[in-house]
Amino acid sequence: MITGACWKCLLLSFFFLRGSAQNFAQTRFICTSVPVDMDMCTSSMQNSGPTEDLKTTILQLRETVLQQKETIMNQKDTIRELTSKLARCDGQALLEIPSNEPKTGAPGTRRKETATSKNTMGDLSRSPTAETLVQLGQSLQALKTRLENLEQYSRGNSSTQANSLKDLLQNKIDDLEKQVLSRVNNLEEGKQTQKNDTEQRGKIESTLTNLHQRITDLEKGQKETRPADKFQLTFPLRTNYMYAKVKKTLPEMYAFTVCMWLKSNASPGVGTPFSYAVPGQANELVLIEWGNNPMEILINDKVAKLPFVINDGKWHHICIAWTTRDGVWEAYQDGILRGNGENLAPYHPIKHQGVLVLGQEQDTLGGGFDATQAFVGELAHFNMWDRKLTVGEVYNLATCTNKALTGNVISWSENNIEIFGGATKWTFDACRQIN
């Protein structure tokens with residue numbers, strides 16, 4: 001007969017075994033035979049070995065059940081916390097929907113519109129003013145450059161009226177820069193409304209338009225009074241459509257000297273300052289610095305390497321002289337002979353009836369431009385003679401010591417040059433650059 005204490009012991013063991021049977025599939029149980037007339041509790045106490053194992057197992061089961069219960073409680077707390085946070089997020093999303101938004105329609109559509117109306121990454125480009133800030137900055141820089149050119153030219157031709165206008169334009173530009181800076185700060189702080197943004201943009205654009213027109217009028221006035229050779233060509237980008245064309249063609253020549261002022265910091269290679277093509281020969285006469293190669297002069301596809309180093313962002317005067325007799329050539333930089341040679345297309349005259357292009361290399365007559373060979377920089381005072389200039393004449397040209405010679409084949413004059421594709425003309429006086 002089993003006593004009450006033993007019944008409790010067996011029932012408790014059964015409860016723990018049943019509640020955690022799946023977690024102890026690998027647990028080993030020990031069974032011990034007990035006579036019918038023997039008290040089980042007494043028998044267990046008499047067999048100390050199996051009893052100890054059973055006690056250990058029961059304690060492990062109890063500990064496991066308690067751990068599982070604690071884990072379940074923690075998980076319930078976590079679930080409640082996440083549910084609460086999710087509810088708060090949903091409530092916040094509903095509050096962010098604009099008040100003027102229709103309450104009808106698919107919820108997914110409304111949520112999408114709300115998300116796009118927010119600016120979580122600090123992107124200001126959706127504001128009308130912000131979209132034009134870059135353009136305004138570029139316009140200001142262009143106007144400042146034009147004003148500097150006008151300033152430079154007016155130094156030697158100053159008058160009270162010119163100085164007054166110059167100061168007025170400079171003050172206008174300074175005010176515009178302050179307005180743009182103020183606009184950027186307001187956008188970053190987010191203190192301005194959409195209406196204020198639009199009004200401010202309109203004011204800035206209106207002022208820029210007026211300033212642009214006044215500088216244009218001033219440039220036109222100076223163009224009418226300045227000498228025809230006081231200008232430069234600017235090629236700001238490496239393209240296959242920006243170039244200038246000399247209206248006159250070359251005669252047949254058995255010797256020549258070509259001189260010009262160049263300014264560039266392009267790399268690698270400044271490109272092609274000029275090229276002359278004739279029917280059947282695109283490389284009749286070409287000056288080119290392409291890639292990492294040194295500058296070269298090509299005559300009838302024959303090549304000579306020139307010792308020029310000009311891509312330092314400064315103005316340099318260069319001259320190349322050549323004669324068909326023995327193909328003798330000379331190269332001058334800043335009035336100094338830098339190199340010479342011979343056997344450059346000897347006894348080959350420069351052919352006539354060709355096309356002379358500034359800023360591009362021709363692969364066909366008057367075209368076939370390659371952007372990788374385009375000249376990037378500024379060019380001025382391109383002159384050509386049908387003879388070799390002397391060392392002294394070249395030096396005088398580079399240093400402005402005496403009255404500059406004018407090319408008897410090609411002379412630098414606005415009337416002789418056509419520009420295409422965005423190349424621009426600016427007021428320029430080479431002698432004021434070096435003095």
Exercise. Please round to the nearest 0.5 Å and tell me the distance separating atom CG of Asn311 and atom OG of Ser267.
Key: 6.0 Å
Quiz item: Do Tyr332 and Val391 have side chains that get closer than 4.5 Å, going by heavy atoms?
Solution: yes
Quiz item: Ring centres of Phe428 and Trp412 under 6.0 Å apart?
Solution: no
Exercise. Not counting sequence neighbours, which residues clear side chain to side chain contact (heavy atoms under 4.5 Å, CB included) with Tyr241? List them please.
Key: Thr239
Exercise. Return the minimal non-hydrogen interatomic distance between Lys388 and Ala321, and the atom names on each side.
Key: CG-CB, 4.1 Å
Self-check item: Side-chain touch Trp385/Leu405, heavy atoms, less than 4.5 angstrom
Solution: yes
Practice problem: Kindly compute the distance separating CG (Asp301) from CD (Gln281), expressed to the nearest 0.5 Å. | Solution: 4.5 Å
Exercise. Would you list the pairs meeting ring pair (Phe, Tyr, Trp, His ring centres under 6.0 Å) in which at least one residue belongs to residues 269-289, sequence neighbours left out?
Key: Phe274-Phe382
Quiz item: Is there a donor-acceptor contact under 3.5 Å linking the side chains of His352 and Glu284?
Solution: no
Exercise. Decide side chain to side chain contact (heavy atoms under 4.5 Å, CB included) for Thr272 and Phe369; before the verdict, give the C-alpha distance in whole Å, the side-chain angles of both, and the deciding distance to 0.1 Å.
Key: CA-CA 10 Å; Thr272 308; Phe369 304 145; over 6 Å; no
Self-check item: Within-4.5 Å side-chain heavy-atom neighbours: Ile350 and Asn300
Solution: no
Quiz item: Nearest heavy-atom pair of Arg325 and Tyr347: which atoms, and what distance?
Solution: CA-CE2, 4.1 Å
Which atom pairs, donor and acceptor, lie under 3.5 Å between side-chain atoms of residues 371-381 and protein residues at least two apart or in another chain?
residue: Thr372; atom: OG1; partner: Asp370; partner atom: OD1; Å: 2.9
residue: Thr372; atom: OG1; partner: Asp370; partner atom: OD2; Å: 3.1
residue: Glu378; atom: OE1; partner: Gln232; partner atom: NE2; Å: 2.6

Self-check item: Shortest non-hydrogen contact from Glu342 toward Trp329
Solution: N-NE1, 3.7 Å
Self-check item: Closest contact, heavy atoms only, Tyr254 versus Pro349
Solution: CE2-CB, 3.6 Å
Exercise. State whether the side chain of Thr323 and the backbone N or O of Val328 hold a donor-acceptor pair below 3.5 Å, judged by distance alone.
Key: no
Quiz item: Are any of the side-chain heavy atoms of Met260 and Leu287 separated by less than 4.5 Å?
Solution: yes
Quiz item: Which heavy-atom pair separates His317 from Val394 by the least distance, and what is that distance?
Solution: CE1-O, 4.3 Å
Self-check item: Within residues 287-299 or reaching into it, pairs that qualify as side chain to side chain donor-acceptor pair (under 3.5 Å) - sequence neighbours excluded
Solution: Glu296-Lys305
Quiz prompt | Spacing of CG belonging to Leu344 relative to CD1 belonging to Ile299, to within rounding of 0.5 Å | solution = 4.0 Å
Practice problem: Would you give the length of the straight line joining atom CZ of Phe235 to atom OG1 of Thr424, rounded to the nearest 0.5 angstrom? | Solution: 8.5 Å
Quiz item: Taking Asn416 for the side chain and Ser411 for the main chain, is one N or O donor matched with an acceptor at less than 3.5 Å?
Solution: yes
Practice problem: Could you go through the side chain to side chain contact (heavy atoms under 4.5 Å, CB included) check for Ile318 and Leu306 one step at a time? | Solution: CA-CA 11 Å; Ile318 64 171; Leu306 306 178; over 6 Å; no
Self-check item: Minimum heavy-atom distance Ala277-Thr364, with the two atoms named
Solution: CB-O, 4.5 Å
Quiz item: Is any side-chain heavy atom of Met384 closer than 4.5 Å to a side-chain heavy atom of Thr257?
Solution: no
Quiz item: Is Met242 close to Pro236 at the side-chain level, that is, under 4.5 Å between some pair of heavy atoms?
Solution: yes
Quiz item: What is the distance from atom CG of Asn408 to atom CG of Asp386, rounded to the nearest 0.5 Å?
Solution: 4.0 Å
Exercise. Report the residues that fulfil side chain to side chain donor-acceptor pair (under 3.5 Å) with Asp334, sequence neighbours left out, ordered by chain and then residue number.
Key: His316
Quiz item: Is any side-chain heavy atom of Ile417 closer than 4.5 Å to a side-chain heavy atom of Phe231?
Solution: yes
Exercise. Apply salt bridge (Lys or Arg N to Asp or Glu O under 4.0 Å) to Lys351 and list each qualifying residue two or more places apart in sequence or on a separate chain.
Key: none
Quiz prompt | Rounded distance (nearest 0.5 Å) linking atom OH of Tyr243 with atom CD of Gln362 | solution = 9.0 Å
Quiz item: Is the number of heavy atoms from other residues, nucleotides or ligands under 6.0 Å of Lys247 NZ greater than 12?
Solution: yes
Quiz item: Less than 4.5 Å apart, any side-chain heavy atom of Ile310 and any of Ser264?
Solution: no
Practice problem: For the pair Glu361 and Asn283, evaluate side chain to side chain contact (heavy atoms under 4.5 Å, CB included) and give the outcome as yes or no after the intermediate values. | Solution: CA-CA 8 Å; Glu361 194 272 335; Asn283 295 329; 2.9 Å; yes
Exercise. Could you walk me through whether Leu358 and Leu233 pass side chain to side chain contact (heavy atoms under 4.5 Å, CB included), step by step?
Key: CA-CA 9 Å; Leu358 305 178; Leu233 297 179; 3.8 Å; yes
